[in-house]
Amino acid sequence: MSIGIKPLGNRVVIKKLEAEEKTQGGIILTSSAKEAPQVAEVVAVGPGTKDEKMELKEGDRVIFAKYAGTEVKFEGEEYTIMNQSDILATVK
C-alpha cells in the first residue's frame, strides 16, 4: 500500500483507527463523548538508522503515545508521522 509519503530515518506514518460508536453495553456515543483513538495502522515506515533498526512494518496495528507525532493531511486523508520510539506496542 503506497500512500505517497515516505518517512525518513526511524519515523513511521500511521493512520488512526476510528473511535468506537457504541459502548459494550450498547449505548451510542456522541462525537464529544468518544475518546480519541490511540490504536492505529502503520501505513509507511522509514529505513531505520544505524543506531535504531526498524522493527515495524506496513500493516502493523500499534498503540502509540497520546501526544506523540505530527498530524498531516495528504490527499484528503489524515496521517500522523512519529518516531518509532513513540510506538508503545503492537496489537494482534
Contact summary for Glu41 and Gly59, nearest pair of heavy atoms:
OE2-CA, 3.8 Å
Can you confirm whether Ile63 sits close enough to Ile87 that some side-chain heavy atom of one is under 4.5 Å from a side-chain heavy atom of the other?
no
Nearest 0.5 Å, what's the CG-CZ distance between Asp86 and Arg11?
10.5 Å
Distance check, rounded to the nearest 0.5 Å: Ile14 atom CD1 versus Arg61 atom CZ?
12.5 Å
Using a 4.5 Å cut-off on heavy atoms from C-beta on, say whether the side chain of Val13 contacts that of Val42.
no
Any carboxylate oxygen within less than 4.0 angstrom of a Lys/Arg side-chain nitrogen, looking at Lys16 and Glu78?
no
Validation row: Ile81, Val72 side chains within 4.5 angstrom (heavy atoms)
yes
Pro7 side chain reached by Val12 side chain, heavy atoms, under 4.5 Å:
no
Gap between atom CD of Glu55 and atom CG of Asp60 - 0.5 Å precision:
10.5 Å
Donor-acceptor pairs under 3.5 Å, side chain of residues 45-54 to any protein atom, not counting sequence neighbours: which ones?
| from | atom 1 | to | atom 2 | distance (Å) |
| --- | --- | --- | --- | --- |
| Thr49 | OG1 | Asp51 | N | 3.4 |
| Thr49 | OG1 | Glu52 | N | 3.0 |
| Glu52 | OE1 | Asn10 | ND2 | 2.6 |
| Glu52 | OE2 | Gln84 | NE2 | 2.9 |

Can you name the nearest heavy-atom pair linking Val43 to Lys15, along with the distance?
CG1-CB, 4.1 Å
For the residue pair Val62 and Val91, establish whether any side-chain heavy-atom pair is separated by less than 4.5 Å.
no
Under 3.5 Å donor-acceptor, Gln38 side chain and Phe64 backbone
yes
Heavy-atom side-chain proximity of Tyr79 to Ile3 below 4.5 angstrom:
yes
